[in-house]
Amino acid sequence: MSVTESYNVDSTKVSVSGISSGACMATQFHVAHSRNVMGVGMVAGGVGVVAGVPFMCSEGNALTATGVCMTTPNLIAVTPLEGITASAAFVGNIDSTSHMRNDKVWIFAGSHDSVVKPAAGHKVQQYYNHYVTSSNIKTVFNIPAEHCMPTKNYGGACDKLSTTNYLNNCNYDAAFELLNHIYGGNLKQPTTASGQLMQFDQGDFFHLSSPSTYSMDDIGYVYIPTGCQDKHTACKLHIAFHGCAQGQSKIGDAYVRHAGYNEAGEANNIIILYPQVIARAVLANPQGCWDWWGYTGVLFATKSGFQMTAVYRMMQKIMG
């Protein structure tokens, strides 16, 4: 299980998405690295947010994260978050927000979500309206889904909380829909995932410590579509962040095999990177969530955040 290989990736076609804490991580990664990941004039770059909250909603406080952000999101004040964003950009902790202007944003909030209340999706939309051309933002707020990654035909009942793996059969392929929006609306329909789903050593992306120091797993996954394996074809790259209790240490490879990304990636030459986190009680992260409230340090949502840096290095390695 060595470091993942480099492939022929079009640097203008890199995007991110996530579910729950992974959605928060995707937003952090998008906002912090908008120059490098999403740059101005990008043909198809953006972020998919499933059951997430606005950038820096927690303001580095776990009680705010689990309280206002998740359970009473109607109380989220977006304007102060825009101020935090501006300050972070001014000092260089994140890229200039101008790089987000032409990006694509896809936001999903299940109408039956009891974990991250649906109003949070509207707050994510309000936040991005400040930075992104409004016609590039697509929202999906009308599906009766519980807190889950909605799939076409895998998992539990759509409107029931499935704590086994938070993958619900909603007869709705969220992975394809978000990728299709991000990449311009003309993707081919998903096909059989006949490419390679491979494990790699996440430890190769931590220079002075083990991944577990920052609640990350030793194992990560990457899906390489058949059309990208010879490295002649210029492929897209998408980073998919799982949610709390969805890492491989908790549910094995259920998320990386059944969330729907691989099938869409196979049909459209999109490499899918699946970074992985683990639960660590010592870091006050017993559910294996991505850090969106500061358990790894005050710079968690910046380009210098430990998890953010590791994932960025993974991205750079795949891109060569």
Side-chain angles (χ1 to χ4, degrees), residues 7-19 22-23 26-27 29-31 33-50 52 95 97-109 121 124-125 127-143 149-152 170 172-193 195 222-229 231-241 259-274 315 318-320:
Y7 292 86
N8 185 355
V9 174
D10 184 341
S11 62
T12 69
K13 296 185 179 180
V14 179
S15 58
V16 294
S17 69
I19 158 72
T27 301
F29 202 84
H30 177 218
V31 173
H33 289 294
S34 59
R35 178 195 298 271
N36 302 89
V37 179
M38 306 296 172
V40 169
M42 185 171 181
V43 174
V47 60
V49 180
V50 181
D95 288 337
T97 58
S98 64
H99 297 297
M100 291 190 279
R101 177 56 55 192
N102 295 318
D103 293 344
K104 298 290 185 67
V105 177
W106 187 92
I107 306 165
F108 181 98
V124 176
Q125 180 184 14
Y127 175 84
Y128 271 119
N129 273 334
H130 191 73
Y131 305 103
V132 178
T133 301
S134 60
S135 60
N136 284 358
I137 300 174
K138 182 175 181 178
T139 60
V140 182
F141 297 152
N142 62 346
I143 293 179
M149 181 66 184
T151 74
K152 184 69 174 177
C170 293
Y172 183 81
D173 192 346
F176 172 75
E177 294 296 336
L178 70 88
L179 288 170
N180 191 40
H181 175 68
I182 287 170
Y183 290 111
N186 295 304
L187 291 189
K188 297 176 183 177
Q189 288 294 317
T191 186
T192 302
V222 61
Y223 179 81
I224 309 298
T226 304
C228 302
Q229 291 172 18
K231 304 183 183 180
H232 296 311
T233 301
C235 293
K236 309 172 188 69
L237 173 62
H238 184 77
I239 305 170
F241 294 103
Y261 290 101
N262 300 341
E263 291 78 5
E266 180 68 22
N268 297 282
N269 287 337
I270 308 171
I271 295 171
I272 312 295
L273 171 63
Y274 297 101
M315 181 196 75
I318 292 175
M319 295 175 67

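The minimum heavy-atom distance linking Gly18 with Ala26 is given by the pair N-CB, 3.8 Å. Closest heavy-atom contact between Ala23 and Val49: CB-CG1, 3.8 Å. Between Ala175 and Ala259 the shortest heavy-atom distance is CB-O, 3.6 Å. Taking every heavy atom of both residues into account, Ser34 and Met100 meet most closely at CB-CG, 3.7 Å. Residues Gly195 and Tyr223 come closest through the heavy atom pair N-OH, 2.8 Å. Taking both residues in full, the closest heavy atoms of Gly265 and Pro225 are given as O-CG, 3.4 Å, listed atom of the first, atom of the second, then distance.
If you take CD1 on Ile272 and CG on Leu179, they are separated by 5.5 Å, rounding to the nearest 0.5 Å. Within the model, atoms OH of Tyr128 and CD1 of Ile107 stand 8.0 Å from one another, a figure rounded to the nearest 0.5 Å. To the nearest 0.5 Å, atoms CZ (Phe108) and CD1 (Ile143) are separated by 4.5 Å. The distance from the CD atom of Gln229 to the CG atom of Asn269 is 10.0 Å, given to the nearest 0.5 Å. The line from CG of Leu273 to CE of Met319 is 11.5 Å long, rounded to the nearest 0.5 Å. Here Met315 contributes atom CE and Ile271 contributes atom CD1; the two are 12.5 Å apart, rounded to the nearest 0.5 Å.
For the pair Val16 and His33, the minimum side-chain heavy-atom distance is 4.5 Å or more. Considering only heavy atoms from C-beta on, Thr233 stays 4.5 Å or farther from Asn8 through its side chain. In this structure, Val50 and Pro150 have side chains that are in contact, with non-hydrogen atoms separated by less than 4.5 Å.
At most 12 heavy atoms of other shown residues, nucleotides or ligands fall within 6.0 angstrom of atom NZ in Lys188.
Of the N and O atoms on the side chains of His30 and Tyr131, not one donor lies less than 3.5 Å from an acceptor on the other residue. For the residue pair Tyr261 and Ser17, a side-chain donor N or O sits within less than 3.5 Å of a side-chain acceptor on the partner. Looking only at atom types and distance, the side chain of Thr226 has a donor-acceptor partner in the side chain of Glu266 under 3.5 Å away.
Of the possible donor and acceptor atoms, none in the side chain of Asn180 sits under 3.5 Å from a partner among the backbone N and O of Phe176. Distance alone, capped at 3.5 Å, is enough to place a donor-acceptor pair between the Thr133 side chain and the Arg101 backbone. Looking at Tyr183, its side chain does come within 3.5 Å of a backbone N or O of Lys13 through a donor-acceptor pair.
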Candidate pair Tyr274 and Asn262, rule side-chain contact (heavy atoms from CB on, under 4.5 Å), full reasoning: CA-CA 11 Å; Tyr274 297 101; Asn262 300 341; 2.6 Å; yes
Given the rule in the side-chain contact (heavy atoms from CB on, under 4.5 Å) test, do Tyr127 and Val31 qualify, once you have shown the distances and angles that lead to the verdict? CA-CA 11 Å; Tyr127 175 84; Val31 173; 4.0 Å; yes
